[in-house]
Amino acid sequence: MKPLIQPFFDPATSTVSYVVHSGAGSDCAIIDPVLDFDPKSGRTSTTNADQVIAFVREQKLNVTWLLETHAHADHLSGAPYLQKHLGGQIGIGAGIKDVQKAFAHVLNRKDRLDGMEFGRLFEAGETFTIGPLQARALHVPGHTPADMAYQIGDAVFVGDTLFMPDVGTARCDFPGGSASVLYRSVRRLLELPPATRLFMCHDYPPAGRGPQWETTVAEQRAANIHIRDGISEEEFVAMRTTRDATLSMPTLILPAIQVNISAGKLPEAEDNGVRYLRIPLDAI
Ligand SMILES: [Fe+2]
């Protein structure tokens, strides 16, 4: 079964969101939707999500799922906004409960986060359907302990595991991240049939090429600069750990995480009608 896949690339955060469907009028899933956020002004906007809404309406699709591959640290989730306008159930890996615990402590959150903010928590290997499309949630920890990839027909939405072959792999230095765990997750993905289509969650194109997001298992096994066939776990971990030590935190990590562990729900407005995000000092 070959799903139809419509990508939406967000240049501000290099995120690729997807609408996965099986033709006009069918059920669909939206994967990793983005809410625009300008950290300089503290303003949210919906240019990106509105493009997704326009496509869904034009194709007369029925949104059954809003799928998050993980609690993103680089953008705020657009899932609640899309859910309000299009419906659908928000799903994420069950390991989100551990990510919630880790960050609720850092953020000193008094509200109880127990995963129930999300409509559906997927266990490793759990299956579900999108109209006639068969889908499976694959647990691919390493970047975070809760990362899922979604296998839908012949396509896999890999989340933050692999990037395009010339970019490599996702960082593993966030709380609960592990380079050796990521290595094993990626190698499991690369055991899928060689023609399996792989769709990236991000692209950070090197100078000289525009953004791309689609590749195959065969291409990744032949050419991924970090984890192609022949690179051992030991070599990968040494490379990943050295590289992660040079990376600064993503610009939006603090705004993004506190919103995304609440399934993208923004904080309630205070008595002056303004919503606030919290910035913990010297805590991460
Ligand atoms: Fe991420």
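Counting starts at 1 for both ligands and their atoms, following the listed order.
Within Asp160, the N, O or S atom at minimum distance from the Fe ion (ligand 1) carries the name OD2. Within His70, the N/O/S atom positioned nearest the Fe ion (ligand 1) carries the name NE2.
Annotation: ring-ring contact (aromatic ring centres under 6.0 Å, His included) contacts of Phe37 (sequence neighbours excluded): none.
Here His143 meets the criterion, with an N, O or S atom under 2.8 Å of the Fe ion (ligand 1).
Thr15 and Asp10 share no donor-acceptor pair across their side chains, judged by distance under 3.5 Å alone.
Listed for the Gln220 side chain is no donor-acceptor partner under 3.5 Å among the backbone atoms of Val217. Put simply, the side chain of Glu214 never gets that close to the backbone of Phe199: no donor and acceptor are under 3.5 Å apart.
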